[in-house]
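In each ligand, atom 1 is the first atom listed, and ligand 1 is the first ligand listed. Nothing fancy with the numbering, it's 1 onward along the sequence.
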Amino acid sequence: MNEAIPQLLTYDEASLDRAFAAVAEEVRGGTSSLETSEAQEAFRLHWLGRKQGRLKLISEAWLKSAPAEARKPLGIRFNQLKQEIEAALQAPVAAAGAAVVRGIDITLPGTVRQPGIAHPLLETMQEIVRVFHHLGYSTNLGPQVETDFYNFEALNFPQNHPARDTQDTLQIADQGAKPSRDRLLMRTHTSPVQIRTMVAQAPPIRIVIPGKVHRNDAADATHSPIFHQVEGLCVDTNITFSDLKGTLDHAMKALFGSGVKTRFFPSFFPFTEPSADVQISCIFCGGKGCRKCKHSGWIELLGCGMVDPAVFASVTEERRKLGLDDDAYNPDRITGFAFGMGVERIAMIQHGISDIGQFYSGDMRFLEQFA
Ligand code: PHE
């Protein structure tokens, strides 16, 4: 079996194929007698031995002097060859004294397949969505590439509002020739789906909108240019701020435990009036004050407010263009509330994660902790 290593003279694909085919032939010649574990071990040493194994010798003879551009095609073929040798070694060896049976040995342990799990972010997103499904909300989705109209204009962002600035918004290139309302961008929040839903359907509306959003932010421990939100929208007759408070208080208790308290602070969003930021009592210290809540006892978690009548006005205008002249969103009769929360932030609090980048790293040591 110990033939000399043939010399490689040329490195074109055909020559490489020929050279490797010859070695593969040699491997196959050796596999017919692998019926005892001793024979297998000898075969393994012959081919895969660390110092004098044939594969090692071949690799030295062929790779060392190979030109740089031949490294990759050589490497690919080496790996295939190695796999073939390893596969031959996987073939079952009959137990001593038993008849040698080629084929499947049902006494060997099976191949263990690792079942996949949902990504922790999707898990948290589903958990939030589920809380609202139990309150009678359904899920709506919208596109990640949005128009300026749905992302900003219909949501009452004034023409020169800083959030439209290229600082925050990832614009799609070459949109300058279009009217500003049709220009494409990566949606900066899930709120445009509020508009899409209301234009398409009359109240009552109770929807949650989970999804991916993009902002031109530098990545750091708490920011990522791509992240996820869950939005909520409830529109009907007689919807009040009390309904908003009760709904979110319930949702936070369902997510973080019944002992959690909520409080609402005045805030501003162009598409809600009044607007509020919602804080929950710190789940780490129970409100006493700790490092996680910056010693305030509270953690800020989401934005919300009553749907601004200006939003209903844009919706009505769009519905009229579609021939839906039905007064469905008359602000004298119809009110609503909306809220939006960051999924990463909630998942980080739930799991005690301090670096947002872990969610996107694909590091199995991180992900396996959620299996
Ligand atoms: N869209 C807002 C944001 O991304 C959050 C929000 C949603 C606020 C709904 C109020 C109502 O910051």
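- The side chain to side chain contact (heavy atoms under 4.5 Å, CB included) test with Cys234 singles out one residue from Thr247, Ile239, Thr335, Leu244, and that residue is Ile239.
- Here Ser59 pairs with Leu63, Phe78 under the side-chain contact (heavy atoms from CB on, under 4.5 Å) rule; sequence neighbours left out.
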Could you go through the salt bridge (charged side-chain N to carboxylate O under 4.0 Å, His left out) check for Glu25 and Arg28 one step at a time?
CA-CA 5 Å; Glu25 199 46 49; Arg28 267 168 237 140; 3.6 Å; yes
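- For the residue pair Glu317 and Tyr329, no side-chain donor N or O sits within less than 3.5 Å of a side-chain acceptor on the partner.
- No hydrogens or angles considered: a donor-acceptor pair under 3.5 Å links the side chains of Thr124 and Gln350.
- Comment: Glu13 engages Arg77 in a salt bridge, judged by a side-chain N to carboxylate O separation of less than 4.0 angstrom.
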Please tabulate, one line per pair, the protein N or O atoms found under 3.5 Å from any N or O atom of ligand 1, giving the distance to one decimal.
unit_1, atom_1, unit_2, atom_2, d
ligand 1, 1 (N), His189, ND1, 3.0
ligand 1, 1 (N), Ser191, OG, 3.0
ligand 1, 4 (O), Arg215, NH2, 3.0
ligand 1, 4 (O), Gln229, NE2, 3.0

